[in-house]
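Here the structure comes first, spelled out in structure tokens, and everything after it is commentary.
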Amino acid sequence: MSKDIQAIIATDCGSTTTKAILIEKKDGEYRQTFRGEAPTTVEAPFEDVTKGVLNAIQEVEELSGRTILDGDKIITEVNGSTGVDAYISTSSAGGGLQMMVAGAIKTMTAESAQRAALGAGAIVMDVLASNDKRLPHQKIERIRQLRPDMILLSGGTDGGTITHVVELAEYVGAADPKPRLGMSYQLPVLYAGNIKARDQVKEILNEKMALTITDNLRPTLEEENLMPARLEIQNLFLEHVMAQAPGYKKLMSMVNVDIMPTPAAVGEIMQTISQIHNINVIGVDIGGATTDVFSVIGEIFNRTVSANYGMSYSISNVLADATMKNVMRWLSFDLDEKEIRDRIKNKMIRPTTIPQSLEELKMEQAIAREALRLSFEQHKLLAVGLKGVQQSRSIADVFNQENTGQSIIKMMDLDMIVGSGGVLSHAPRRSQSMSMMIDSFLPEGVTAITVDSIFMMPHLGVLSRIDKNIASEVFEKDCLVYLGTCIAPSGQAKKFGQKIMNFKINMGGKTIEESINFGELKLFHLGLGETAEVELIPTRNFDVGSGKGKIHKQMVKGGVVGLVIDGRGRPIAFPDDHDEKQELVKKWNHTLELYPA
Amino acid sequence: MAHSYTPGLRVAKRTVIQKDRILPLKGEVVKKVGEIISRDEIVAKTDLPGNISTMNIVNLLGIQADEIGQFMKKNVGDSFEKNEIIAENKSFIKWFSTQIKAPIKGSIESVSNVTGQVLLRQPPLPIEVQSYINGKVIEVVPNEGVIIETVCSFIQGIFGIGGETWGTLKFAVTSSDEELDVSKITSEYKDCVIVGGAFADYNAIQKAIEVGVKGIIVGGIKDEDLRKLLGYDLGVAITGSENIGITVVLTEGFGKMNMAKRTWNCLKDRENSTASISGATQIRAGVIRPEIIIPYDDADLDHSAMEEREAKPVVIGNSVRIIRQPYFGKIGEVTELPSALCAIESETHARVLMVKFDDGEIVTIPRANIELIEE
């Protein structure tokens, strides 16, 4: 199909802004050429999402000179500089898709159900399980209070427990929650549990709710089958939830492929990139209210959303959970704690303000590090292998007694981190974005660090449903900004200043031979599009990819920041002494050229 | 584009506003279009379905789940009183029979022959929506509620806690820069809404709760005091359901900040009138700000008209409040509106404006960091 496509217009309808991008074929290659944005028009007085969409597209028309609209219709036939081949869209307006999930056992089917819902782009408001230690009436009360957009009910492997599943269906039926949007429509419930319990579940819920049945998401303990549930969630999202939102029926008739929830589209592009380049990727999108983390490790895709970690609406929550001490460790100066608390609350109640002074910027970036760290920790807890699975062990495994349910994210195996969201994409200096991502994700070994230039991942995600190659081409050329590569030996030394690695960098025809000490950072300017061959020789307590004390050789990519050698240990070690700590942070900031002198 | 909209909080001496008074679920609307109503009148009511209790009858009787039907004395939909027998395991010898008594009054919601669970529903809980302000019903939303219109002084706060309440508006301080301390709270303010100046501390708010003050309107409080009042650290700005015995409306923000002169004067003009206030704040998705509504009870509600309001762009001469450090809380006048992006101290490129303060100092401020003080 890609041969025929000349131009595509894509929009993302966010809670506050609708963003449109134009992708065009120029000189044989696909590029994102123009963008426009306009306020989202879901709420009064407009109450029609398409108005914001048309305004955003109109801005693209004005900038590009391409005629896309004929009145309020999109011209979907290309004729020179008129029309586009397709119009596609994602949406997170109205707070996105809010779900409640239920499963028989908390760490098994309920956890699988949670992964299914998150992967489909939902915010999971609560996870109910037969063994979650809440009394029946508490569960019922909770379902009723939360008013989700949709409920995913699972439980039992095929042929396994029926009683627990039916019990959960009874609670859902008794609670009879009213949907968040629209008082009068039936709440969609998706059943993806034991096939033997389908009839009973139907009997209990069929009349009260809009029940849909799909394949069991955990047919056996050893197998997780999330795709049917994920696709069905997205269908129900369009049919029931989106159809209630003002103007969406019209929008649905305008698009060439189904509208996707924004996070689901971001997940789609992450998976496409991982597949095409055969790499392990972690992505993060830090917003004002929530932070989404995505990972594609091998072929396993996971997404989590930290609903209350963000840089404006939820900033106060970041401070509460991260603690003041953890935020302050990133600063090289003192601030009165009470004063900081008041400032953060003021940012929460006036979320659109921007840091004017350098001190405010540093403060905000310190909090961002903690928001990213906490969100990633939550992600690692859910991105785990299946729990309760019988493992067959060979004699070699006797010495490697790992429990089931270990996190599948091994930082040493990670190839790339992709950051997006205001605080990362719009940081005044790119080195600040790179530093924030290194400090919060703590990559080990050799890892490429990138940012989404203008937050076009959602658009490209839905585009990959039309054509994976175009999506990937635009992603590489216009979406991703390579910041550089981080080389971080993993381990701890006894004291600061102790040598932990020798290294050689061959770049641009010359060889640099140096070493790095514990607690030190080094930056080498390896530009965008440039590569270097590195030979890393860690000391015996440190691993940089090939094992403790083992030599590691690899080609690395440069970027707008360069090559960062991070000798601060994993986790990053800070001196106990307050003044020494501040001095060291100052040095790190200076090395990475984070702030003006 | 993203920063061209400048948020503003309304401070209007006399305006017409409309309030939706809607039930959380469908019910009965008891007022009609055209009725003049007072703040304590009920406009709509409904019954919230009662809470659910569960009993595992199968376990209690020692029977199989699929036999449960034979042992139930009450069926789905039947009502029962507390301690009434709802299930029984009969035996030839009376002593060996087991009777299950209802732990609550209610009705049978469901009986499961799979889990053996019986769900009992308590009687419905009545919910009533009051008018909250004096005014006239201009629209009835069938089965949901009404829309009330009133002529009033209307002030939006920036943040609040506590729900809807009302009381006589009294001043506990004499100027907008004065702090409301514990010594200024006396029993004469019982059932009143009191105005403080720049700041109220924890002890003052606590004393106000003790003497039965309905609400406090003040420039700022400390986050530390908010935590003490609530008993937890507020992570996300969604408030209004706190039950601390008082409603607090902040007009400026966190920390000590003089109440804006216009807000102060507007309130001062209405001293001793009855003010309806709400602390409900929601910053995400459909912003809700706390509000102070002081109706003019002598207004002609038949000839009032809601004015059309739209977000206005900031223009030279506008009065604005700076809402971020380093000039946080200061009020000044816009003197210049350069259109090109400008690098500020943090190296961010932003759209800016110039603001002149009362002392003559002119500073450059990102447009995102100001708030229009609107009439």
Side-chain angles (χ1 to χ4, degrees), chain A residues 15 17 37-39 43 59 94-95 135-137 140-141 162-163 166-167 170-171 173-176 178 183-184 197 200 204 288-289 308 312-314 316-321 338-339 341-361 426 428-429 595-596, chain B residues 1-3 5 7 24-26 49 51-54 65 109-110 112 114-117 119 121 143-144 158-159 220 222-224 226-227 232-237 250 253-255 281 283-286 310 323-328 343-350 364-366 368-371:
Chain A
S15 296
T17 316
E37 59 181 48
E43 289 174 23
E59 197 170 301
L135 294 169
H137 73 271
I140 294 167
E141 196 50 38
I162 290 180
T163 322
V166 172
E167 196 177 74
E170 284 169 0
Y171 298 153
D176 195 9
K178 296 288 164 246
M183 267 189 186
S184 52
Q200 285 95 331
I204 298 163
N308 286 326
S312 57
Y313 307 106
S314 318
S316 193
N317 207 48
V318 176
L319 182 69
D321 287 2
K338 288 175 188 168
E339 165 77 16
R341 286 188 181 281
D342 285 344
R343 282 191 195 186
I344 287 172
K345 279 281 185 305
N346 282 322
K347 167 83 181 179
M348 173 182 82
I349 59 176
R350 292 178 167 109
T352 53
T353 60
I354 58 173
Q356 176 166 9
S357 66
L358 202 52
E359 183 187 275
E360 287 270 298
L361 179 77
H426 303 310
R429 293 187 184 191
Y595 305 106
Chain B
M1 275 291 292
H3 299 307
Y5 165 68
L25 47 156
K26 291 196 174 185
N51 287 331
I52 293 278
S53 299
T54 55
E109 173 81 6
S110 72
S112 173
V114 176
T115 61
Q117 195 140 244
L119 302 184
R121 193 177 286 279
N143 306 317
E144 292 183 24
I158 186 76
F159 175 80
K222 283 217 150 285
D223 169 54
E224 193 188 6
L226 177 70
R227 258 190 302 159
Y232 56 88
D233 197 353
L234 186 77
V236 183
L250 308 188
F254 287 90
T281 310
I283 317 277
R284 268 182 87 176
E310 43 187 73
I323 54 175
R324 182 116 191 205
Q325 272 72 16
Y327 304 103
F328 188 76
I344 52 178
E345 188 200 323
S346 61
E347 294 187 333
T348 307
H349 283 77
T364 304
I365 307 281
N369 293 359
I370 60 140
E371 210 163 61

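Small disclaimer: the values here were computed from a predicted structure and weren't measured. Just so it is clear: chains get the letters A, B, ... in the order the sequence lines come, proteins before strands, and each one is counted from 1.
Annotation: the span from Tyr171(A) atom OH to Ile52(B) atom CD1 amounts to 11.0 Å, rounded to 0.5 Å. Note: Glu359(A) CD to Gln325(B) CD = 8.5 Å, rounded to the nearest 0.5 Å. Distance check: Gln117(B) CD to Thr163(A) OG1 gives 10.5 Å after rounding to the nearest 0.5 Å. Note that the NZ atom of Lys338(A) and the NZ atom of Lys222(B) stand 7.5 Å from one another [nearest 0.5 Å]. The CZ atom of Phe328(B) sits 4.5 Å away from atom CZ of Arg350(A), with the distance rounded to the nearest 0.5 Å. Atoms CG and CG, from Asp342(A) and Leu226(B) in turn, are 10.0 Å apart once rounded to the nearest 0.5 Å.
Side chain to side chain, Glu170(A) and Thr115(B) meet the donor-acceptor criterion of an N or O pair below 3.5 Å.
Nearest approach of Leu234(B) to Lys345(A), heavy atoms of both residues: O-NZ, 3.2 Å. Closest approach of Asp233(B) to Ser316(A), counting heavy atoms only: OD1-OG, 4.4 Å. For Leu361(A) against Ser346(B), the heavy-atom pair with the smallest separation is CD2-O, 3.6 Å. Scanning both residues, Val166(A) and Ser112(B), for their nearest heavy atoms gives CG1-OG, 4.2 Å.
Contacts between Asn369(B) and chain A at a heavy-atom distance below 4.5 Å involve backbone atoms as well as side-chain atoms. Contacts between Leu250(B) and chain A at a heavy-atom distance below 4.5 Å are absent for every atom of the residue. Heavy atoms of Thr348(B) lying under 4.5 Å from chain A belong to its backbone as well as its side chain. Ile140(A) touches chain B through its side chain: at least one heavy atom from C-beta onward sits under 4.5 Å away, while N, CA, C and O do not. Residue contact with chain B, scored on non-hydrogen atoms closer than 4.5 Å, involves the side chain of Glu141(A) exclusively. For a residue to count as touching a neighbouring chain, one of its non-hydrogen atoms must lie under 4.5 Å from one of that chain's; by this rule Leu358(A) touches chain B with backbone and side chain alike. When heavy atoms are compared at a cutoff of 4.5 Å, Gln356(A) approaches chain B by way of both its backbone and its side chain. Heavy atoms closer than 4.5 Å to chain A are found nowhere in Tyr232(B), neither backbone nor side chain. Heavy-atom distances place the side chain of Leu119(B), and not its backbone, under 4.5 Å from chain A. Only the backbone of Thr364(B) has a heavy atom closer than 4.5 Å to any heavy atom of chain A.
If you tally non-hydrogen atom pairs under 4.5 Å between each of His137(A), Glu339(A), Arg343(A) and chain B, the highest count goes to Arg343(A). Residue with the most contacts toward chain B among Ala197(A), Ser357(A), Pro351(A): Ser357(A) (heavy-atom pairs, distance under 4.5 Å). Between chain B and the options Ala320(A), Pro596(A), Ser312(A), the largest number of non-hydrogen pairs under 4.5 Å is found for Pro596(A).
Ion pair Glu347(B)/Arg429(A) flagged as a salt bridge, since at least one NZ, NE, NH1 or NH2 atom sits closer than 4.0 Å to an Asp/Glu carboxylate oxygen.
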